[in-house]
Amino acid sequence: MTAHPTRTGEDAEDLDVEEVLALVNDPGRRGPADQTPAPRAAAAEGAAAHKPDAHHRATPWPEARAIAARAARTATRSARRALVSVPLDAALGLTLAAPLDALTDLPSFDTSAMDGWAVAGPGPWDVRDEGVLAGHGEPEPLTDGEAVRIATGARIPPDTTAVLRAEHGRTDAQDRLHATRDMQHGQDIRPRGQECRSGDQLLPVGTLVTPAVLGLAAAAGYDTLTAVPRPRVEVLVLGDELLTAGRPHDGLIRDALGPMLPPWLRALGAEVTAVRRLGDDAKALHKAVTGSGADLIVTTGGTASGPVDHVHPTLKRIGAELLVDGVKVRPGHPMLLARTKENQHLVGLPGNPLAAVSGLLTLAEPLLRTLAAHPAPEPYALPLQDTVHGHPYDTRLIPVVLRGEVAVPLHYNGPAMLRGIAAADALAVVPPGGARAGQELELLDLPWASAGIGVCFT
């Protein structure tokens, strides 16, 4: 269920999304993508280094990812996107836009850490008839030589010396309580403010909201959190040949991207506001693009130059700025990134399913991550178990499974295939020319296989 957050600008000490993003991407966490030359200069360098045909004017893969992240930062600066105040049950995966300061002492009163007896003074002790349970008001004080049954989490009676665990006490024939082990003053009592005092900063701006953060926020007294909003995405599925049900027949094929992209985009932190199936209709595409209020429009197919490939003509018609027009990566070379409005972008994915995944991770992921003020993942690499053939000029992305300290390449990695990626843990980044067995390659985690919050699909 989609939450409908309220906008706020005061709860976060007048921070906006750009300022949160700056805090998240501080110099100590800045990655190579932030040091890439400006898009036009870098594109010129790439063009000079290779033959000047259309393919080799495409953008190198690392640079394309950096351009997508920079485009999002530019949009964030220009739009001054407002922050949101969301209830805890809608905040998972967002980025904190205000510090999480304790609203109370934790614990807010002295509590018992164990089931047993609260005792006063040295033993043996006379035990009161009525015990102390969690959730009740302050109990009567104890006097020396007195004990009372107490439950974990219950308030400690005034003048208590310690809590004697249930397994460390016994009663005699006169119903007097004896300790079976030595006991220290204050034992098994959680004193008020042990974890934090009211006003302490628990987490800074820029923290990703995980399930543990939600628990801490609730314990600290919060009902809502001030956060960076989820980027809004519309998905436009193109192609007259696509079926939405049943088996392929008579030249028609099942639409794999319509079911796959929305949950994948949600796993990347987006709010998918609409999925529209437009067929190969130039007028419908123009209307959908110009009428969209999303932060990002994702199209599937139609990015080449065939008779029914309408994405480039539509972008030209509306005066969009092409930031990336083809990427030196396989699969997925004909992907593109365009600025359609000052604060809106369009990612054109190829129509082949694995090529679309490549475009998603190359262009959509860094753009969405930046809009959501998520930190860039720390790069990591593992050695390949087997040799992988590469492309002469392009980066290649291949599905792999992780087995201990090696990455095992998977078969069925053609542009139109999903069998490999469906079994994969990650995509390996294969440099031009290929990689030999034992060579370490950069890996791109898939959202559901990584340790991040991306596993949340709702």
Side-chain angles (χ1 to χ4, degrees), residues 33 36 39 42-43 46-47 50 53-72 231 233-239 256-258 260-262 264-265 268 270 285 289 294-306 308-316 320-340 344-371 391 393-399 413-418 421 427 429-430 432 444 446:
T36 306
H50 298 287
D53 56 70
H55 168 70
H56 291 123
R57 285 197 300 271
T59 305
W61 180 78
E63 183 186 324
R65 302 190 82 213
I67 291 171
R70 280 198 296 269
V233 179
E234 285 193 22
V235 178
L236 307 180
V237 181
L238 312 181
L257 298 182
M260 181 174 71
L261 290 180
W264 201 317
L265 290 162
L268 293 176
L285 178 60
V289 171
D295 301 302
L296 173 64
I297 302 167
V298 175
T299 62
T300 70
T303 56
S305 54
V308 292
D309 290 332
H310 300 304
V311 175
H312 278 95
T314 299
L315 294 174
K316 184 176 181 180
E321 180 185 2
L322 269 176
L323 304 176
V324 174
D325 190 9
V327 176
K328 294 179 183 178
V329 67
R330 299 299 172 118
H333 165 257
M335 66 181 75
L336 62 84
L337 170 66
R339 182 180 289 115
T340 50
Q344 183 188 75
H345 290 84
L346 182 145
V347 168
L349 302 178
N352 278 325
L354 189 58
V357 169
S358 175
L360 195 65
L361 296 181
T362 300
L363 297 176
E365 186 275 335
L367 190 143
L368 290 172
R369 166 172 38 83
T370 306
L371 288 176
H391 186 274
Y393 305 105
D394 297 350
T395 299
R396 201 173 158 220
L397 303 180
I398 62 161
N413 52 32
M417 297 180 180
L418 287 174
I421 193 70
L427 288 173
V429 182
V430 181
L444 304 177
L446 301 177

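A heavy-atom distance below 4.5 Å is not found between the side chains of Trp61 and Asp394. Side chains of Thr299 and Val347 form no contact here, defined as non-hydrogen atoms less than 4.5 Å apart. Two residues are said to be in side-chain contact when any heavy atoms from C-beta on lie closer than 4.5 Å; Leu336 and Leu315 meet this criterion. Within the 4.5 Å cutoff, the side chain of Val298 has heavy atoms near those of the Leu349 side chain. For the pair Thr303 and Asp309, the minimum side-chain heavy-atom distance is 4.5 Å or more. Between Leu446 and Leu361, some side-chain heavy-atom pair lies under the 4.5 Å cut-off. Looking at heavy atoms from C-beta onward, Leu427 lies in side-chain contact with Ile421 at the 4.5 angstrom threshold.
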Working for side-chain hydrogen bond (donor to acceptor under 3.5 Å, both in side chains), residues Glu63 and Thr59: CA-CA 7 Å; Glu63 183 186 324; Thr59 305; 5.1 Å; no
Pair Leu367-His345, side-chain contact (heavy atoms from CB on, under 4.5 Å): steps then yes or no: CA-CA 9 Å; Leu367 190 143; His345 290 84; 4.0 Å; yes
Verdict with reasoning, Arg330 to Val430, per side-chain contact (heavy atoms from CB on, under 4.5 Å): CA-CA 10 Å; Arg330 299 299 172 118; Val430 181; over 6 Å; no
Derivation of the side-chain contact (heavy atoms from CB on, under 4.5 Å) call for Leu346 and Leu337: CA-CA 6 Å; Leu346 182 145; Leu337 170 66; over 6 Å; no
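When all heavy atoms of Ala68 and Pro366 are compared, the pair lying nearest together is CB-CG, 3.9 Å. In plain terms, the two heavy atoms of Ala64 and Leu363 that are nearest each other are O-CD2, 3.7 Å. Taking every heavy atom of both residues into account, Leu418 and Ala256 meet most closely at CD1-CB, 3.8 Å. Taking both residues in full, the closest heavy atoms of Val233 and Leu265 are given as CG1-CD1, 3.9 Å, listed atom of the first, atom of the second, then distance. When all heavy atoms of Asp325 and His312 are compared, the pair lying nearest together is OD1-NE2, 2.8 Å. Pairing each heavy atom of Val289 with each of Ile297, the nearest pair is O-CD1, 3.9 Å.
A salt bridge between Arg65 and Glu365 is present, with a side-chain N of the basic residue lying under 4.0 Å from a carboxylate O of the acidic one.
Using modelled atom types, no side-chain atom of Thr300 and backbone atom of Leu257 make a donor-acceptor pair closer than 3.5 Å. Under a 3.5 Å cut-off, the side chain of Glu234 and the backbone N or O of Leu296 do not form any donor-acceptor pair.
Rounding to the nearest 0.5 angstrom, the gap separating the CG atom in Leu444 from the OG atom in Ser358 is 9.0 Å. Taking OG1 from Thr362 and CG from Leu397, the interatomic distance works out to 5.5 Å, rounded to the nearest 0.5 Å. Considering NZ of Lys328 and NE2 of His333, their distance stands at 9.0 Å, rounded to 0.5 Å.
Shown here are the side-chain contact (heavy atoms from CB on, under 4.5 Å) partners of Pro350, two or more places apart in sequence or in another chain: Pro334, Met335, Ala355. Among residues two or more places apart in sequence or in another chain, the side-chain hydrogen bond (donor to acceptor under 3.5 Å, both in side chains) test is passed with Asn352 by none.
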